[in-house]
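What's counted below: heavy atoms across the whole structure, side chains too, no hydrogens, waters or symmetry copies.
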Amino acid sequence: MSVGFRRPFEAVDYQELVRAFPPPPEYFERAWLAPPEEIERVQRSRLRERAMAAAQVPFFARRWSAAGFDPRTLTGVHDLERVPPYTVHDIRDSIEAHPPWGDYQAVTPADALREPLRVYMSGGTTGKSRPTFYTQWDREVGAVLTARALYLQGIRPGDVVLNSWAYGTHNGAFAFDEALHRWLNCVVLTTGTGNVTSSERQVELAIEYGATAILTTGDYLLRLAEVARDLGYDPKRDLTIRALPNIGDRELLESTFDAECFHSYGFHEVQWVSVECPAHDGLHIFEDAFVVQIVDPETGELLPDGEQGALCVTELYKTGSPQFRYNIMDLSTLYPRERCECGSWLRKMAPFAGRADNMVKLRGVNVWPEAVGEIALAVPGVAQDWFVRAVRQGRRDEMIVSVTSDADPGAYDPLATAVEARLAERLGVKIRAEVVAPGALDAWTEVGTAPKLKRFRDDR
């Protein structure tokens, strides 16, 4: 007897899903090693399908019509340059004009009976949150992509893993959870952040149950190593960590836990995009699910391979909220297609290099906060924490970088002077530095509580 709605297991053909988007380890046995012509054939086919589906969504139909783009004329990746990109500002405009969901979604809550839905939010720090609907298909494919990355980073089926990301309105913790549970058969300890499960308890759980990985920010993982030492443990010996799927200082993470660390990239609206292989020479893009381009942050024009710009991403798998030439404004570089030492022909991109929309113009010089932080951390005596503020003083914009140090407070002023000198030397512009004690920046960076560490605030 029909109950009038489809449950999640009825809404997805799992045999078709696994064929189209192989999970690990099968993925690395075949699709990872596919020749260029096969990669590009799959992309062409899926790109045309996604264009026709996105054209049914009012947001894209309106923008494409205004730009004179007909999705029926799209024949391959080379045609994407004719498709107008959009940014988070366009999404916010859509929400304001069509509250509360905007008109950029392909589904609404009214579709939940035929298509099980989940909604996650992002972007609440600079304006209203941006809702993104995920169908059951979207959740499962996204979990497969995440599982691929976690597998390559060292997590294996059956491992015990602490998921220390914040279980909230953001997508991140749930994407990890679904990948670990549904596609890697891992035992997930849903500890959440330090505000939910104390850092001391997280360390005890990891040791008691022999956790292979603790999923969190690199900074918080290093904080857990400090807590472990305070409790009398050796992070290398007593914490049996062998996988480091964490954003942060690779060298420091590896030396602390004696495990290999891999860079990766993903974001709220599409989940996992790319991951590093053991060659550590760029991040392989999951090209069966994404087309990645690099565009000029200001003009949106396509940039050649090897030139840094903003990431413009088109997904090839979603049925809920399409992302078709979404200029995410994250800075990176795209490499030419060539065979990697690992055997893969997948295109590679550089690691995340900062935010294009965080750029501050100081006396004619374009300055990115992430570059300021990287330069400051290289000064001897500076610890691994920083925060940048843009302020208005008098009649001009200024920038202040705050860094932490384990040194005696009497050494703070000379250290700040050294940081300022290094920044002036590297960037050609004066940036004020201040040195504070470890932990003093936690309220600003939101370490242990936010899905992503905050590193910049515009106080102008």
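Counting only distance, with no hydrogens or angles, the side chain of Arg114 and the backbone of Ala11 share no donor-acceptor pair below 3.5 Å. Side-chain atoms of Arg30 do not come within 3.5 Å of backbone N or O of Pro22 as any donor-acceptor pair. Put simply, the side chain of Arg455 gets close to the backbone of Trp386: a donor and an acceptor are under 3.5 Å apart. In this structure, the side chain of Thr197 does not engage the main chain of Gly194 through any donor-acceptor pair within 3.5 Å. Here the side chain of Arg48 pairs a donor or acceptor atom with the backbone of Thr75 at under 3.5 angstrom. Looking at Asp138, its side chain does come within 3.5 Å of a backbone N or O of Thr135 through a donor-acceptor pair. The main-chain N or O of Ile375 is never found under 3.5 Å from a side-chain atom of Arg422 such that the two would form a donor-acceptor pair. At distances below 3.5 Å, not a single donor-acceptor pair connects side-chain atoms of Gln153 with backbone N or O atoms of Glu276. Formation of a donor-acceptor pair under 3.5 Å by the Glu254 side chain with backbone atoms of Cys261 is found in this model. Panel note: side chain Trp272, backbone Ser274; a donor-acceptor pair is recorded below 3.5 Å.
Between Leu302 and Val295 the shortest side-chain heavy-atom distance falls below 4.5 Å. Using a 4.5 Å cut-off on side-chain heavy atoms (C-beta onward), Ser199 and Tyr220 make contact. Using a 4.5 Å heavy-atom threshold, the side chains of Val388 and Val367 count as separate. Looking only at side-chain heavy atoms (C-beta outward), Trp444 and Ser402 come within less than 4.5 Å of each other. Between Lys318 and Arg50, some side-chain heavy-atom pair lies under the 4.5 Å cut-off. With contacts defined as side-chain heavy-atom distances shorter than 4.5 Å, the pair Arg139/Asn171 qualifies. Side-chain contact check for Leu215 versus Val161: some heavy-atom pair is nearer than 4.5 Å. Looking only at side-chain heavy atoms (C-beta outward), Ile294 and Gln308 stay at 4.5 Å or farther from each other.
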Evaluation steps, salt bridge (charged side-chain N to carboxylate O under 4.0 Å, His left out), between Asp159 and Arg156:
CA-CA 6 Å; Asp159 282 354; Arg156 291 292 180 268; over 6 Å; no
Worked check of side-chain contact (heavy atoms from CB on, under 4.5 Å) between Arg82 and Thr73:
CA-CA 10 Å; Arg82 297 190 288 112; Thr73 66; 3.1 Å; yes
Show the numbers, then the answer: is there a side-chain contact (heavy atoms from CB on, under 4.5 Å) between Arg337 and Ile39?
CA-CA 11 Å; Arg337 188 185 302 282; Ile39 294 171; 3.8 Å; yes
Yes or no on side-chain contact (heavy atoms from CB on, under 4.5 Å) for Asp385 and Asp442, after CA distance, side-chain angles and deciding distance?
CA-CA 9 Å; Asp385 206 4; Asp442 289 359; 4.1 Å; yes
Any chance you could lay out the side-chain contact (heavy atoms from CB on, under 4.5 Å) test for Val77 and Arg44, step after step, and finish with the verdict?
CA-CA 7 Å; Val77 173; Arg44 282 195 303 272; 5.6 Å; no
Yes or no on salt bridge (charged side-chain N to carboxylate O under 4.0 Å, His left out) for Arg19 and Asp13, after CA distance, side-chain angles and deciding distance?
CA-CA 10 Å; Arg19 183 198 65 78; Asp13 182 338; over 6 Å; no
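Residues Ala211 and Ile241 approach most closely at O-CD1, 3.8 Å, considering heavy atoms. Summarising the geometry of Asn327 relative to Ala310, their closest heavy-atom pair is OD1-CB, 3.3 Å, with the distance given to 0.1 Å. Nearest heavy atoms, Ile214 versus Ser164: CG2-OG, 3.5 Å. When all heavy atoms of Phe59 and Tyr104 are compared, the closest pair comes out as CB-CA, 3.4 Å. Scanning both residues, Ala243 and Ala213, for their nearest heavy atoms gives O-CB, 3.6 Å. Scanning all heavy atoms of the two residues, the minimum distance from Thr256 to Pro235 falls at O-CB, 3.8 Å.
A cation-pi arrangement is not found for Lys454 relative to Phe387, the charged atom failing to lie both closer than 6.0 Å to the ring centre and inside a 45° cone about the ring normal. Within the cation-pi definition used here (under 6.0 Å to the ring centroid, within 45° of the axis), Arg46 qualifies as a partner of Phe21. The cationic atom of Arg148 (NZ for Lys, CZ for Arg) lies less than 6.0 Å from the six-membered ring centre of Phe286 and within 45° of the ring axis.
We find the CG-CG distance between Leu145 and Leu150 to be 11.0 Å, quoted to the nearest 0.5 Å. Between Leu346 atom CG and Phe290 atom CZ the span is 12.5 Å, to the nearest 0.5 Å. Atom CZ of residue Arg130 and atom CD of residue Glu269 lie 4.5 Å apart, to the nearest 0.5 angstrom. Here Ile285 contributes atom CD1 and Ser344 contributes atom OG; the two are 10.5 Å apart, rounded to the nearest 0.5 Å. Rounded to the nearest 0.5 Å, atoms CG (Leu33) and SG (Cys342) are 7.5 Å apart. The line from CD of Gln384 to CZ of Arg223 is 12.5 Å long, rounded to the nearest 0.5 Å.
Ring geometry, Tyr151 versus Phe28: the interplanar angle falls under 30°, so the pair is classed parallel (tilted spans 30 to 60°).
In His181, the NE2 atom is not crowded: 12 or fewer heavy atoms of neighbouring residues, nucleotides or ligands sit closer than 6.0 Å. For Glu16, the CD atom is densely surrounded, since the number of other residues' heavy atoms within 6.0 Å is greater than 12. The number of heavy-atom neighbours closer than 6.0 Å to CD of Glu251, taken from other residues, nucleotides and ligands shown, is 12 or below. Annotation: Arg426, atom CZ; neighbour count of heavy atoms from other residues, nucleotides and ligands within 6.0 Å does not exceed 12. More than 12 heavy atoms of other residues, nucleotides or ligands lie within 6.0 Å of CD in Glu29, so this atom counts as buried by the packing criterion. Under a cut-off of 6.0 angstrom, the local environment of CD in Glu96 is sparse, with at most 12 non-hydrogen atoms contributed by other residues, nucleotides or ligands. Other residues, nucleotides and ligands place more than 12 heavy atoms under 6.0 Å from the CD atom of Glu26.
In terms of the ring pair (Phe, Tyr, Trp, His ring centres under 6.0 Å) criterion, residue partners of His280 (sequence neighbours excluded) are, by chain and number, Phe262. For Glu38, the side chain to side chain contact (heavy atoms under 4.5 Å, CB included) criterion is met by Ala34, Pro35, Arg41, Val42, not counting sequence neighbours.
With respect to Tyr120, the ring-ring contact (aromatic ring centres under 6.0 Å, His included) criterion is satisfied by exactly one of Phe267, Phe174, Phe133, Tyr167: Phe174.
At a cut-off of 3.5 Å, with distance as the only test, a side-chain donor of Glu140 or Tyr14 sits close to an acceptor on the other residue. Side-chain contact, Tyr27 with Asp288: no donor N or O sits under 3.5 Å from an acceptor N or O. A side-chain N or O of Gln323 and one of Tyr86 form a donor-acceptor pair less than 3.5 Å apart. A donor and an acceptor atom, one from each side chain of Ser94 and Asp103, are located under 3.5 Å apart.
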